[in-house]
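Here is the naming used below: chain letters follow the sequence lines, and residue numbers restart at 1 for every chain.
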Amino acid sequence: MFFISGALYYTANGDSFRYIVTAALPYVNNVPHLGHLISTLLPADVYSRFLKLQGNEVVYICGTDEYGTTTEIAALKQGITPKELTDKYYAIDREAFDRMDCKPDIFSRTSDPAHTRLVQSFYESVKKNGYSYKKNIEQLYCDRDQRFLPDRFVEGTCPHCGFEQAKGDQCESCGKVLRPTELIKPRCTICGTTPHVRKEEHVFFALSKLQDKLYKFVGAQTHWFPSSRNFALSWIKEGLEDIDIQRDIKWGVPIPEAGSTGVFYSWFDAPLGYVTFTEQLGKGSWWHDSKTRLVHFIGKDNIAFHTMFFPGMLIAAGDNYVLPWMVASYEFLNWEGGEKFSKSRGVGLTVPDANQLYPADYWRYYLLSILTEKKDANFSWEDFQAKINTELNDTLGNFLQRTLVFTQNSFGGKVPTPGELTAADKSALLAIDTAFEKVSKHLGDIELKSALEEVMGLARTGNQYLQAEAPWKNKERSNTIIYVSLNVASALSVLLAPFLPSTSEKMRGYLGAKPVRDWEDAKERVKAGRAIGKPEPLFKKIEAKEIAEYRKKYAGVPEAKAEKKKPEKK
RNA sequence: AGCGAGGUGGGGUAGUCUGGAGUGCCCGUCGGGCUCAUAACCCGAAGAUCGGAGGUUCAAAUCCUCCCCUCGCUACCA
């Protein structure tokens, strides 16, 4: 017997679960932007902080996805090696996420030798179980660059409509899907010369053989977000195709086959990073433990890989790998009025830039409050300003402030001893327990936005209570009223911990309490007589002129400007 | 083209699976109150033919059919 939602999680035999929480590995060919944060590291961070506070065994896994054609080409264009490129962005990513207080237990790299070993031995298992085979394929090869060209690096004339700038995967003029070998007069987009067709034996992953197993698996996951589940089911129903898992480039995990010079397709090696990194933490056995709950946080573009491809790989390898218990996929964040964030076009705000502008908790609060698994969210400076000012600052910050200042002025900075509790006092204290239950349930169900709204609801209850009881008027009851208010504030400091860790810590400091260690602390009463610190406002309002300036500054970077900016970073 | 997801007062969002008065939440607007607090806080009000058209039903935001619009995916954008 176990509860799907709520604070307690037990397996059938009464043991508690272990959690492997993963955030999609950021691809290191550019600086991460707020869109990456909102759908991966941030929700994974909140969820894993919550699980840890509850006392669960949890590892939160992340790192950079470094291999692949895109990185190799990006490095080529910048005139540096892939290693130099990924070193640079690994450092940027790591610092940027760290400053956002997103703290995975490990933030490793797929270029780590440990990962190469793991991927190769994983492949051996897949092969041994009959889920890989070799097949001849035709590809375009550029003699001048001495490389096989990925679809996107070939342009030519569309065989359907005659459009001369058709890309290797699709014609932008008539919309037809193409293969690079179909193009008339193909050219290499790197050097402009004409590539020619070469035959090559490639390694394939027999995903089609797993069709039935995957359909059954996904079908059983009724607790997944409908967006992920329906998407996967409809895709599997259409029929899964085997996947070419070989790429003829150098930057990747070498395929351990005699005579092969290829590397693994980056989507074959990247998700295995979760496994490698867990092993690096010394918790590799968790991947083969039925008590483990594997929880993935991803953007919606990754649904296919995390619901079908990766589970398929895990099944194919055998060895009792756990399959995902939850795939939490989030929609995209659009930039001011619907434009897409884009690494390559430099549209939107990067995480390092955001770190320069406001404290981490401002971003964490705002992003979590607009996070959705149903439809794309929209970043707007006005909305950001409004949420920070009216919710964080006015509702939460001011509630704490008025309570603490009253304590200072009327009770010498000590928690007053309460008198007899009235119905209003009791109901305010009861609101703490109610909020605790609701926030716990929402967090357990990975409904982060609802959970955060519930926390803010408690802050509102606090304000309502203070307003109704008016300790500044009812002097004879003010000790009790402030005692109750301080308890609400204390509960808030706990409930906020997964969402706004540094705000929580600050609040605890003002309340004379230690940083939160246990989720149940939310229900603990503050002791009368405890000394309260001198309060400072928790937040500062954002001025209209600030956002006016930032809007201008970050209003999508034109192509030319983006190109110009790059060299100075070298 | 196919597939998936959305369309709910001025903006945002929940409710839709499992039908039961247009119910909730945040912001904005208008009116009032309070003066402990960060020009903050609290209370009240106005404001919606729930994208459109049919259908099922005693009853539809919710179920069925068709249509319109937005976004995404179709295997290298979180």
Task: Check: A:Q467 side chain, B:rC42 base, donor-acceptor under 3.5 Å - done: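 No pair found.
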Have a look at [X] and say if it touches a base, only the backbone sugar-phosphate, or nothing, with a 4.0 Å heavy-atom cut-off.
X	result
A:L538	base
A:R247	base
A:K473	sugar-phosphate
A:N302	sugar-phosphate
A:F297	nothing
A:T70	base
A:K540	nothing
A:E241	base

- [ ] Can you tell me the distance, in whole Å, between the CG atom of A:N393 and the C1' atom of B:rA37?
- [x]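 A:N393 atom CG is separated from B:rA37 atom C1' by 11 Å.
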- [ ] Check the distance between B:rC77's P and A:N30's CG and give it to me in whole angstrom.
- [x]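 After rounding, the reported distance stands at 13 Å.
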Task: Which nucleotide in B:rC77, B:rA37, B:rU38 has an atom nearest any side-chain atom of A:P537 - done: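 From the listed options, B:rU38 comes nearest.
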Determine the Euclidean distance between corresponding [atom1] atoms of [M] and [N]; express it in Å to zero decimal places.
N	M	atom1	value
B:rC68	B:rG15	P	28 Å
B:rG10	B:rA60	P	23 Å
B:rC25	B:rG19	C1'	23 Å
B:rG72	B:rG55	P	36 Å
B:rG24	B:rU16	P	16 Å
B:rA5	B:rC66	P	15 Å

- [ ] Flag the pair A:W335 / A:L349 as yes when at least one side-chain heavy-atom distance between them is below 4.5 Å, and no otherwise.
- [x]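 Yes - at least one pair of side-chain heavy atoms lies under 4.5 Å apart.
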Open item on the list: Check whether A:Y131 forms a cation-pi arrangement with A:K209 (NZ or CZ under 6.0 Å from the six-membered ring centre, at most 45° off the ring normal).
Closed with: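 So A:K209 does make the cation-pi contact.
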Task: Sidechain-backbone polar pair: A:T395 side chain, A:T390 backbone, donor-acceptor under 3.5 Å - done: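 The answer is yes, because a donor-acceptor pair under 3.5 Å joins these two groups.
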Task: 5' priority, RNA chain B, between A:Q464 and A:G68 [closest heavy atom] - done: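 Nearest nucleotide further toward 5': that of A:Q464.
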- [ ] Return the 5'-most residue of the pair A:S39, A:T395 with respect to RNA chain B, ranking by each residue's nearest nucleotide.
- [x]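 With A:S39 and A:T395 compared, the 5'-side residue is A:T395.
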Open item on the list: Does B:rC77 have OP1 or OP2 under 4.0 Å away from a side-chain N or O of A:K300?
Closed with: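 For B:rC77, OP1/OP2 do not have a side-chain N/O of A:K300 under 4.0 Å.
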Task: pi-stack flag for A:F406 and B:rC36, centroid dist under 5.5 Å, interplanar under 30° - done: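 Stacking between A:F406 and B:rC36: absent.
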Open item on the list: Under a 4.0 Å threshold between the charged nitrogen and the carboxylate oxygen, would A:D45 count as salt-bridged to A:R364?
Closed with: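 Counted as a salt bridge, because a side-chain N and a carboxylate O are separated by less than 4.0 Å.
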Task: Sub-6.0 Å ring centroid separation between A:Y60 and A:Y47 - done: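 No, the ring of A:Y60 stays outside the 6.0 Å limit from the ring of A:Y47, centre to centre.
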